[in-house]
Amino acid sequence: MDAAAVAVAGPREDDDPALRVGVMGHGSAELTPAIVRAFRRAWPRTRLTIAPLDFTEHVSALVERKVDVAFVRPAPDDDRVECDVLTTEPRIVCVPADGRFAEAGALRLADVLDLPIVAVPDGTPAVFTDYLYFTTAVNGQLGRRGPDLARTPQDVLHSVAAGRGVGSALRSFARFYPWPGVRFVPIVDAPWDSSVLATRRGDPDPRVRAFRSLAAALARDLGPVVSGGPPPGPGDSAEVVRGAPDGLDSLAM
């Protein structure tokens with residue numbers, strides 16, 4: 001973190017507007033606060049604000065200039081946005097603690113089609129809904145939808161804890177959202193997916209470029225620790241280990 005901060009150190013005085021950082025859910029896990037802290041050390045005179053993003057703001061928060069950089073998942077497929085991959089992780093589902101899959105060691109995509117995954121608002125980007133429902137992985141098959149509408153991870157967890165629906169996420173979600181009445185189960189045959197730092201394409205702001213450089217440096221060095229290792233290759237099993245990967249204590253903020 002120190003080396004990355006020195007490499008992109010900015011001016012000591014900065015009268016520009018605040019750099020606005022958007023974070024969807026838990027962002028890129030432990031990397032999110034590490035990147036923010038490194039930027040503050042490199043650009044100590046730059047004001048920085050952090051804003052939560054809901055599922056509908058996956059792209060719009062950037063293109064409507066509500067934020068300048070955004071930690072989101074998965075990578076947007078909008079030409080107005082460019083992304084730097086920060087973590088690549090196994091997938092999990094969030095299920096009721098008293099449901100039939102609560103004690104399952106693992107599930108498969110075929111099981112997901114029978115689960116009532118929460119609904120999301122109209123206008124949520126298709127790339128996010130495809131991620132949430134594993135659409136590509138299940139060849140476009142339409143699974144069940146739960147009765148509740150979710151805009152945020154908290155909405156999802158409330159629905160799951162009430163026994164009304166289920167959710168899907170990256171594995172690190174389980175570390176950041178322990179929730180009474182909810183269990184997290186790996187999907188062993190689901191493709192791994194990524195959290196990213198998204199910015200407006202070609203943004204010339206030097207603070208944005210510095211933030212991206214810091215994020216890339218920390219993701220290169222710490223991303224595999226946060227993710228729990230590289231994605232499995234062809235023929236490998238996608239074993240998911242519960243709990244925090246070794247080495248995360250060094251990222252404690």
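The basis for the numbers below is simple: all heavy atoms, side chains too, and nothing from hydrogens, waters or symmetry mates.
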Does Pro186 offer a backbone N or O that forms a donor-acceptor pair with the side chain of Arg171 under 3.5 Å?
no
Measuring from Leu31:CG to Leu218:CG, what's the distance to the nearest 0.5 Å?
6.5 Å
Take Phe176 and Glu30 through the test side chain to side chain contact (heavy atoms under 4.5 Å, CB included) and record every step on the way to the result.
CA-CA 9 Å; Phe176 284 77; Glu30 290 83 359; 3.7 Å; yes
Would you say Leu62 and Val127 are hydrophobically clustered, going by side-chain heavy atoms of ILVMFWY under 4.5 Å?
no
Expected output: side-chain Arg20 to main-chain Arg65 donor-acceptor under 3.5 Å
yes
Ignoring hydrogens and angles, tell me if any N or O in the side chain of Arg209 forms a donor-acceptor pair with the backbone of Pro204 under 3.5 Å.
yes
Which atom pair, heavy atoms only, marks the closest approach of Thr88 to Trp192?
O-CE3, 3.5 Å
I need the minimum non-hydrogen distance between Ala61 and Leu53, along with the two atoms involved.
CB-CD2, 3.7 Å
Within this structure, what is the OG-CD1 distance for the pair Ser172 and Ile92, rounded to the nearest 0.5 Å?
7.5 Å
Is a side-chain N or O of Arg183 found less than 3.5 angstrom from the main chain of Pro96, in a donor-acceptor match?
no
Could you check whether any side-chain N or O of Ser168 sits under 3.5 Å from a backbone N or O of Leu132, counting only pairs where one atom can act as donor and the other as acceptor?
yes
Residue pair Val118 / Ser159: nearest heavy atoms and the distance that separates them
CG1-OG, 3.7 Å
Taking side chain as C-beta onward, heavy atoms only, is Arg91 less than 4.5 Å from Phe173?
no
Euclidean distance, Asp205 CG relative to Arg212 CZ, rounded to 0.5 Å
12.0 Å
Could you check if a side-chain atom of Val72 sits within less than 4.5 angstrom of a side-chain atom of Cys83, using non-hydrogen atoms only?
no
In Å and rounded to the nearest 0.5 Å, what is the CG to CD1 distance from Asp148 to Ile117?
13.5 Å
Do the side chains of Leu19 and Trp43 get nearer than 4.5 Å, heavy atoms only?
no
Heavy-atom closest pair, residues Ala198 and Val81:
CB-CG1, 3.7 Å
Is there a side-chain contact between Phe71 and Leu86, using heavy atoms and a 4.5 Å cut-off?
yes
Just wondering, are more than 12 heavy atoms of other shown residues or ligands nearer than 6.0 Å to CZ in Arg201?
yes
Can you tell whether the side chains of Glu89 and Arg73 come within less than 4.0 Å, N to carboxylate O?
no
Would you check, one step at a time, whether the test side chain to side chain donor-acceptor pair (under 3.5 Å) holds for Thr87 with Ser28?
CA-CA 6 Å; Thr87 71; Ser28 292; 5.0 Å; no
Can you classify the ring geometry of Tyr177 versus His26 as parallel (below 30°), tilted (30 to 60°) or perpendicular (above 60°)?
perpendicular
Side chain to side chain contact (heavy atoms under 4.5 Å, CB included) for Leu107 and Val112? Distances and angles first, verdict last.
CA-CA 8 Å; Leu107 296 174; Val112 173; 5.6 Å; no
Report the C-alpha distance between Leu115 and Phe101 in whole Å, list the side-chain angles of each, state the deciding distance to 0.1 Å, and finish with yes or no for side chain to side chain contact (heavy atoms under 4.5 Å, CB included).
CA-CA 10 Å; Leu115 298 177; Phe101 290 129; 3.4 Å; yes
Find out if a path of hydrophobic residues (ILVMFWY) with successive side-chain heavy-atom gaps under 4.5 Å connects Ile35 to Leu48.
yes
Phe55 CZ to Thr129 OG1 distance, which is reported to the nearest 0.5 Å
11.5 Å
Specify whether Phe128 and Tyr131 have parallel, tilted or perpendicular ring planes, treating 30° as the upper limit for parallel and 60° as the lower limit for perpendicular.
tilted
Would you name the heavy atoms of Val21 and Val67 that are closest together and state the gap between them?
C-CG1, 4.4 Å
Selection residues 107-124 - residue pairs positive for side-chain hydrogen bond (donor to acceptor under 3.5 Å, both in side chains), sequence neighbours left out
Arg100-Asp114
Is it possible for you to say whether Leu149 and Val156 belong to one hydrophobic cluster, with membership spreading through side-chain heavy-atom contacts below 4.5 Å?
no
Between CG on residue Asp68 and OG1 on residue Thr199, distance to nearest 0.5 Å:
10.0 Å
Which pairs pass side-chain hydrogen bond (donor to acceptor under 3.5 Å, both in side chains) with one or both residues in residues 49-60, sequence neighbours excluded?
Asp54-Thr56
Any side-chain heavy atom of Phe134 within less than 4.5 Å of one from Ile187?
yes
Take Val120 and Tyr133 through the side chain to side chain contact (heavy atoms under 4.5 Å, CB included) test and state the conclusion after the steps.
CA-CA 11 Å; Val120 292; Tyr133 302 132; 4.0 Å; yes
Closest non-hydrogen atom pair, Val59 against Arg80:
CG1-NH2, 4.5 Å
